[in-house]
2 protein chains.
Amino acid sequence: MRQDSRLSRMLHVLIHMDRHDGALTSEAIAAMLNTNAVVIRRTMAGLRDAGYVQSEKGHGGGWRLACPLDRVTLLDVHRALGDPTVFAIGPTDDEPRCLVEQAVNAALADALREAEAVLVRRLGTVTLADLAADFDRRLALSGKCGA
Amino acid sequence: MRQDSRLSRMLHVLIHMDRHDGALTSEAIAAMLNTNAVVIRRTMAGLRDAGYVQSEKGHGGGWRLACPLDRVTLLDVHRALGDPTVFAIGPTDDEPRCLVEQAVNAALADALREAEAVLVRRLGTVTLADLAADFDRRLALSGKCGA
DNA sequence: CTATCATGAAACAGCATAAGTTACGTGAAC
DNA sequence: GTTCACGTAACTTATGCTGTTTCATGATAG
């Protein structure tokens, strides 16, 4: 099943925005991600509504961070994107009459809930600042290795 | 994103097969799941190849369990279905050149890996016999409550 | 032996959703 | 007032599970 890459993309953009002076246009961001400006506007809309970025129209306009990176976790961004479904597997029927199906759904739901709790906890403890720091570490390493 | 319900469906079927004397035809199974016989054959093929069920052609043919329920975990069934992607979210590019993207992907991959490990551990510790036992418990309860 | 039943498999259409595209409106800066 | 950039709607594309049709194969009943 095809995966939703919006979270990954938006995290990527937000770190770049932090390292960039002035506003970034949707066109520029789209070029960075090899995609389309409208897709960027559509996806960034959630982050804007959540207050993590702000947009400006007209000359010199574009997108800017509206909030320091250490105040935003990966979970915050996920939520801002509309809390999309995490799992690609799940039951068909949420309220089955069949008791067998109820038992199956309960077991699966338990397992998925537990896994999602771990994921949410993990995403909630990592901030964008942490990612930026990891980027800096990688940058220093790549400099040392000449790669 | 739409969810893959094959695991849920196959677990449902396997428990029913255990409680049923004789073979179950794809048509009968499809009727139980409100779907199509060809879909059943297609999905059951993986379970057959894994040795969890067997199929017989002709009069009185159909599907039977080939293995006791306590020998099969939910994870086994998941694997038999081709180990489909568990997560609906993920990165676009697996080998990005951009160091920011690498940092983002590493963080997300870590979180997803951890969550998947929890899910796999959970699915691997629950057997079909456990589900059947839970079904029996629900059956007894529903009888008591008159529901 | 033949008809019937049931699986096996290929081929194609349906459907949902992220993604890509086009088009037009709105507001800000030059 | 022209240009730039976002905002939004509408449409198309791509992908993968799902559903359906069709025919072949093999097993059983009569």
Side-chain angles (χ1 to χ4, degrees), chain A residues 1-10 12-13 17 20 22-49 52-64 66 78 81-93, chain B residues 1-10 12-13 17 20 22-49 52-64 66 78 81-93:
Chain A
M1 185 163 288
R2 189 156 188 204
Q3 290 189 319
D4 181 348
S5 63
R6 285 177 294 176
L7 176 58
S8 166
R9 285 176 160 187
M10 288 303 101
H12 184 180
V13 168
M17 285 173 69
H20 185 267
L24 272 172
T25 67
S26 300
E27 289 290 350
I29 296 172
M32 269 198 311
L33 302 188
N34 289 308
T35 179
N36 188 282
V38 177
V39 175
I40 298 302
R41 291 192 191 109
R42 190 192 286 152
T43 314
M44 298 279 282
L47 303 186
R48 181 191 57 218
D49 295 346
Y52 303 138
V53 297
Q54 52 189 322
S55 58
E56 295 151 20
K57 292 182 176 179
H59 280 278
W63 300 89
R64 304 172 183 275
H78 176 71
L81 293 174
D83 218 338
T85 309
V86 168
F87 293 107
I89 60 179
T92 323
D93 193 346
Chain B
M1 183 165 288
R2 186 147 191 215
Q3 290 189 319
D4 181 347
S5 63
R6 285 177 294 175
L7 175 57
S8 166
R9 285 176 161 184
M10 287 304 101
H12 185 181
V13 168
M17 285 173 68
H20 185 267
L24 273 172
T25 66
S26 301
E27 288 291 350
I29 296 172
M32 268 197 311
L33 302 188
N34 290 307
T35 180
N36 188 283
V38 177
V39 174
I40 299 301
R41 292 193 191 106
R42 192 151 61 202
T43 314
M44 299 279 282
L47 303 186
R48 182 192 56 220
D49 296 345
Y52 303 137
V53 298
Q54 52 190 322
S55 58
E56 294 150 19
K57 292 181 175 180
H59 278 278
W63 300 88
R64 302 172 184 276
H78 175 70
L81 293 175
D83 216 342
T85 307
V86 168
F87 293 107
I89 60 179
T92 324
D93 191 348

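Because the structure is predicted, anything quoted here is derived from the model rather than measured. Proteins get letters first, then strands, A, B, ... in listed order; numbering begins at 1 in each.
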### Query
When the distance from CG of A/Asp49 to C1' of D/dG7 is rounded to whole Å, what number comes out?
11 Å
#### Entry: Rounded interatomic separation in angstrom, taking CG from B/Leu24 and C1' from C/dT7
14 Å
### Query
Just how far, in rounded Å, is C1' of D/dC6 from CE of A/Met17?
13 Å
### Query
Does B/Arg9 have a side-chain nitrogen or oxygen under 4.0 Å from the phosphate oxygens OP1 or OP2 of D/dG19?
yes
### Summary
B/Ile40 atom CD1 is separated from D/dT18 atom C1', nearest whole Å, by 11 Å
## Note on the structure
Heavy-atom contacts, protein to nucleotides 20-30 of chain D, under 4.0 Å, summarised as B (base), S (sugar-phosphate only) or - (none) per nt, yield BB---BBBB--
### Query
Would you say B/Arg48 reaches C/dT7's phosphate, i.e. side-chain N/O to OP1/OP2 under 4.0 Å?
no
### Query
For D/dC17, does either OP1 or OP2 sit under 4.0 Å from a side-chain N or O belonging to B/Ser5?
no
### Message
Does B/Ser26 form a side chain to side chain donor-acceptor pair (under 3.5 Å) with B/Trp63? I'd like the steps, not just the answer.
### Response
CA-CA 7 Å; B/Ser26 301; B/Trp63 300 88; 2.9 Å; yes
### Query
Can you tell me how far P of C/dA28 sits from CD of A/Gln54, to the nearest Å?
14 Å
### Query
Roughly how far, to the nearest 0.5 Å, is the OG1 atom of B/Thr92 from the CG atom of A/Asn34?
9.5 Å
### Task
Output the distance between atom CZ (B/Arg6) and atom CE (B/Met44), rounded to the nearest 0.5 Å.
14.0 Å
### Query
Roughly, in whole Å, what's the span from CH2 in A/Trp63 to P in D/dC6?
7 Å
### Query
Counting only side-chain N and O atoms of B/Ser26, is one of them less than 4.0 Å from OP1 or OP2 of C/dT7?
yes
### Message
Please report the distance, rounded to the nearest Å, between CD in B/Glu27 and P in C/dG8.
### Response
13 Å
### Message
Testing the basics here: between A/Ser5 and B/Pro91, what is the closest heavy-atom pair and its distance to 0.1 Å?
### Response
CB-C, 4.2 Å
### Query
So, for B/Val86 and B/His78, which heavy atoms are closest and what is the spacing to 0.1 Å?
CG2-NE2, 3.9 Å
### Summary
Per nearest nucleotide of DNA chain C, the residue lying toward the 5' end, B/Gly62 or B/Thr92, is B/Gly62
#### Entry: Protein-nucleotide distance (A/Ile29, atom CD1; D/dA5, atom C1'), rounded to Å
12 Å
### Query
Around atom CD of A/Gln54, are there more than 12 heavy atoms of other residues, nucleotides or ligands at under 6.0 Å?
yes
### Message
List the residues meeting ring pair (Phe, Tyr, Trp, His ring centres under 6.0 Å) with A/His12, not counting sequence neighbours, and say none if there are none.
### Response
A/His16
### Message
Does D/dC6 have OP1 or OP2 under 4.0 Å away from a side-chain N or O of A/Thr25?
### Response
no
